[in-house]
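So the structure is just underneath, and the comments pick up after that.
Quick caveat, the model's predicted, so the values are computed rather than measured.
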2 protein chains.
Amino acid sequence: MQNDCRNCPFKTKATSMLSECSLDQLTSNHLELKLKKGDSIIKQGTYSTNVVFLRTGLAKIHLAGPYTEQIVKMVNAPSYLGLPTTFGSKINQYSVTAVSDAEVCFIDLEVFQNILDENKEFNREIIQEFCKNELESFHRCANRTQKLIRGNMADAILDFADKIFKSDTFMLPLSQTEFANLVDTSRESVSRVLTEFDKDGIISVKGRQIEILNKKSLQLISQNG
Amino acid sequence: MQNDCRNCPFKTKATSMLSECSLDQLTSNHLELKLKKGDSIIKQGTYSTNVVFLRTGLAKIHLAGPYTEQIVKMVNAPSYLGLPTTFGSKINQYSVTAVSDAEVCFIDLEVFQNILDENKEFNREIIQEFCKNELESFHRCANRTQKLIRGNMADAILDFADKIFKSDTFMLPLSQTEFANLVDTSRESVSRVLTEFDKDGIISVKGRQIEILNKKSLQLISQNG
DNA sequence: ATTATTTTGTGATATGCATCACATTGTATA
DNA sequence: TATACAATGTGATGCATATCACAAAATAAT
């Protein structure tokens with residue numbers, strides 16, 4: 001299955017910087033796949049030989065912590081996945097799993113490296129990505145460990161609304177157990193805080209359907225009080 | 001102050017891949033500085049126009065969390081500092097401070113970008129670095145949040161011994177308050193656990209002088225029990 | 001439809017650790 | 001050498017939240 005990457009409507013900023021030549025190289029060296037919710041994209045502990053381009057959909061990056069599975073972050077399309085794990089280690093250090101239906105392209109590592117070598121602009125964009133990710137992870141580190149649960153949950157909900165779904169109404173793409181693993185709490189606490197927020201009129205919760213009713217409040221809780 | 005970068009005895013793996021030409025460019029576009037313990041290298045909130053090369057010494061990367069200053073990680077020479085913050089944002093998103101006497105070179109951002117563009121091998125090594133860092137931060141995220149204090153303290157002590165000082169005897173380069181910020185606890189807990197470890201004969205603590213007496217135990221506590 | 005299985009809600013209890021409070025030691029500064 | 005200030009040790013107390021224990025929904029499988 002090889003669509004022409006030149007016409008791919010889902011290019012990242014980086015990809016749009018590629019030369020025709022490199023795009024052709026991509027075209028002839030990628031494997032396109034349609035995935036369903038829950039399908040594994042990258043599996044911790046297995047050999048990594050591909051970089052993955054997430055064309056459409058939403059994925060979670062997670063890994064085995066000392067006790068429970070830890071969800072490190074959510075990534076939505078379009079985005080490259082697995083760069084750290086394929087470049088930084090022979091064996092995948094983390095898993096990536098689709099949490100919605102998704103389309104992905106598996107790109108051979110060498111081809112990707114080659115393209116990285118040959119396209120300055122692309123290279124810069126990818127490095128830019130790395131930098132943003134590292135900054136993000138620094139901030140997450142400081143926030144997650146210092147804030148109380150309500151603050152972290154507020155954060156996560158705002159993130160879903162603003163960064164992932166770009167809407168104040170959305171379906172939570174995770175179970176409460178998973179949500180707990182993302183926010184560093186217990187499943188029970190997630191449940192409690194969610195109903196709490198609902199009772200306080202800050203959000204409305206109907207099953208996994210969430211609507212932000214009072215964004216200001218949520219932001220205040222996020223900044224913490 | 002411009003020593004010839006070609007003869008610099010503190011090159012990183014990446015730097016050793018540079019072309020003569022690029023090394024000359026570096027030579028004529030860097031500012032070499034001797035710093036003392038406690039001196040600021042990068043300051044959160046200020047404009048970032050330089051990449052910093054840590055020639056010798058030890059530094060902490062830290063940023064203002066919602067409540068307290070959070071130490072994200074320790075970095076020892078030789079290493080580049082501030083890439084994420086200079087490439088990823090105009091304003092520094094974090095601080096870097098020397099925790100020992102240190103020597104640094106300030107490198108103009110454009111020059112560094114240029115060198116990154118012109119040297120494939122160097123570029124690859126830098127990307128490799130980014131990948132390793134991201135993996136590390138994922139693991140740290142999972143460990144820090146799931147482990148109890150004793151586990152995290154054991155981790156940190158092992159890290160100092162194995163990665164930073166390469167010796168089982170070393171001077172803790174941080175006050176207990178700082179150590180607490182690194183390990184996500186309170187100063188008091190650091191003090192308590194340290195004396196605990198000492199009493200159990202796992203480490204010996206004399207002021208900031210630390211000696212690991214029973215590494216197996218420490219590793220066990222790190223893996224957690 | 002019926003049963004099995006996963007997901008969620010909610011109380012009661014336990015606990016790890018932060019916080020407070022103050023003593024003590026160590027280290028700069030006059 | 002005296003004085004001030006920062007860093008550390010240690011007990012007592014409180015609190016946020018994990019854990020346990022079920023019940024109730026909701027989903028999936030038969």
Side-chain angles (χ1 to χ4, degrees), chain A residues 36-39 60 65-71 97 99 142-157 171-200 203-210 221 224-225, chain B residues 36-38 60 65-71 99 142-157 171-200 203-210 221 224-225:
Chain A
K36 281 195 289 185
K37 180 178 168 172
D39 284 351
K60 62 173 177 179
Y67 296 111
T68 59
E69 195 73 10
Q70 176 87 28
I71 299 182
T97 304
V99 297
N143 283 315
R144 287 264 176 83
T145 55
Q146 288 184 27
K147 282 186 190 174
L148 302 185
I149 292 184
R150 286 167 55 94
N152 282 325
M153 296 250 329
D155 265 5
I157 293 169
M171 280 291 250
L172 202 67
L174 304 171
S175 73
Q176 291 190 359
T177 306
E178 289 177 301
F179 199 179
N181 293 341
L182 175 67
V183 178
D184 303 325
T185 353
S186 64
R187 195 219 91 221
E188 293 91 328
S189 292
V190 167
S191 175
R192 275 186 257 266
V193 173
L194 239 33
T195 47
E196 220 173 291
F197 283 174
D198 183 296
K199 274 182 191 150
D200 296 351
I203 62 175
S204 125
V205 184
K206 281 176 198 135
R208 291 194 186 175
Q209 182 74 30
I210 288 189
I221 294 169
N224 221 293
Chain B
K36 280 194 290 183
K37 180 178 169 172
K60 62 172 178 179
Y67 296 109
T68 58
E69 194 73 9
Q70 176 85 30
I71 298 182
V99 297
N143 284 315
R144 288 264 176 82
T145 54
Q146 288 183 27
K147 283 185 189 174
L148 303 184
I149 292 183
R150 286 168 55 93
N152 282 326
M153 295 250 328
D155 266 5
I157 293 168
M171 280 294 249
L172 202 68
L174 303 172
S175 74
Q176 291 190 359
T177 306
E178 289 177 302
F179 199 178
N181 293 340
L182 175 67
V183 179
D184 302 326
T185 352
S186 65
R187 194 218 93 220
E188 292 91 328
S189 291
V190 168
S191 175
R192 274 187 257 267
V193 172
L194 239 33
T195 48
E196 221 173 289
F197 283 174
D198 183 294
K199 274 181 192 152
D200 295 352
I203 62 175
S204 125
V205 184
K206 281 177 198 132
R208 292 195 184 174
Q209 182 74 29
I210 288 189
I221 293 169
N224 222 292

Without decimals, in angstroms, what is the distance between B/Lys206 NZ and D/dG9 P?
14 Å

If I take atom CZ in residue B/Arg208 and atom P in nucleotide D/dA6, what distance separates them, rounded to the nearest angstrom?
14 Å

Which angle, rounded to 10°, do you find between the first-five-pair axis and the last-five-pair axis of the helix from C/dA1-D/dT30 to C/dA30-D/dT1?
50°

Are any of B/Gln176's side-chain N or O atoms less than 4.0 Å away from OP1 or OP2 of D/dA6?
no

Show which side-chain atoms of residues 176-183 of chain A pair as donor or acceptor with protein atoms under 3.5 Å away, not counting sequence neighbours.
| residue | atom | partner | partner atom | Å |
| --- | --- | --- | --- | --- |
| A/Glu178 | OE1 | A/Ser175 | N | 2.9 |
| A/Glu178 | OE2 | A/Lys60 | NZ | 2.5 |
| A/Asn181 | ND2 | A/Glu69 | O | 3.2 |

Does the side chain of A/Thr185 reach to within under 4.5 Å of the side chain of A/Asn152, using non-hydrogen atoms?
no

Partners of A/Lys36 by side chain to side chain contact (heavy atoms under 4.5 Å, CB included), sequence neighbours excluded?
A/Asp39, A/Asp101

Is there side-chain contact between A/Ile71 and A/Thr97, with heavy atoms separated by less than 4.5 Å?
no

Could you check how far CD of A/Gln209 sits from C1' of C/dT8, rounded to whole Å?
17 Å

Output for pair (A/Thr195 OG1, A/Asp200 CG), nearest 0.5 Å, gives 9.5 Å

Exercise: identify the closest heavy-atom pair between A/Asp198 and A/Val205:
OD2-N, 2.8 Å

Between A/Gln70 and B/Asn143: side-chain donor-acceptor atoms closer than 3.5 Å
no

How many Å lie between CD on B/Glu178 and P on D/dA6, as a whole number?
14 Å

Between A/Ile203 and A/Leu194, is any pair of side-chain heavy atoms under 4.5 Å apart?
yes

Return a single string for nucleotides 13-21 of chain D, one symbol per nucleotide in 5' to 3' order, where B is base contact, S is sugar-phosphate-only contact and - is none, cutoff 4.0 angstrom on heavy atoms.
---SSSBB-

If I compare all heavy atoms of A/Ala142 with all of B/Gly65, which pair ends up nearest, and what's the gap?
CB-CA, 4.1 Å

A/Glu196 atom CD is separated from C/dT8 atom P, nearest whole Å, by 18 Å

A/Arg150 and A/Ile221: which non-hydrogen atoms are nearest, and at how many Å?
O-CG2, 3.5 Å

Heavy atoms only: give me the nearest B/Arg144-B/Asp184 pair and the separation to one decimal.
CD-OD2, 3.2 Å

Between P of D/dA26 and CE of A/Met171, the distance in whole Å:
13 Å

Counting primed atoms plus P, OP1 and OP2 as sugar-phosphate and everything else as base, spell out the protein contacts along nucleotides 23-30 of chain C at 4.0 Å heavy-atom distance: B, S or - for each nucleotide, 5' to 3'.
--------

Is the side chain of A/Ser191 donor-acceptor paired with the backbone N or O of A/Arg187 at a distance under 3.5 Å, no angle test?
no

Can you check nucleotides 28-30 of chain D for protein contacts, nitrogen or oxygen pairs under 3.5 Å, and list what you find?
none

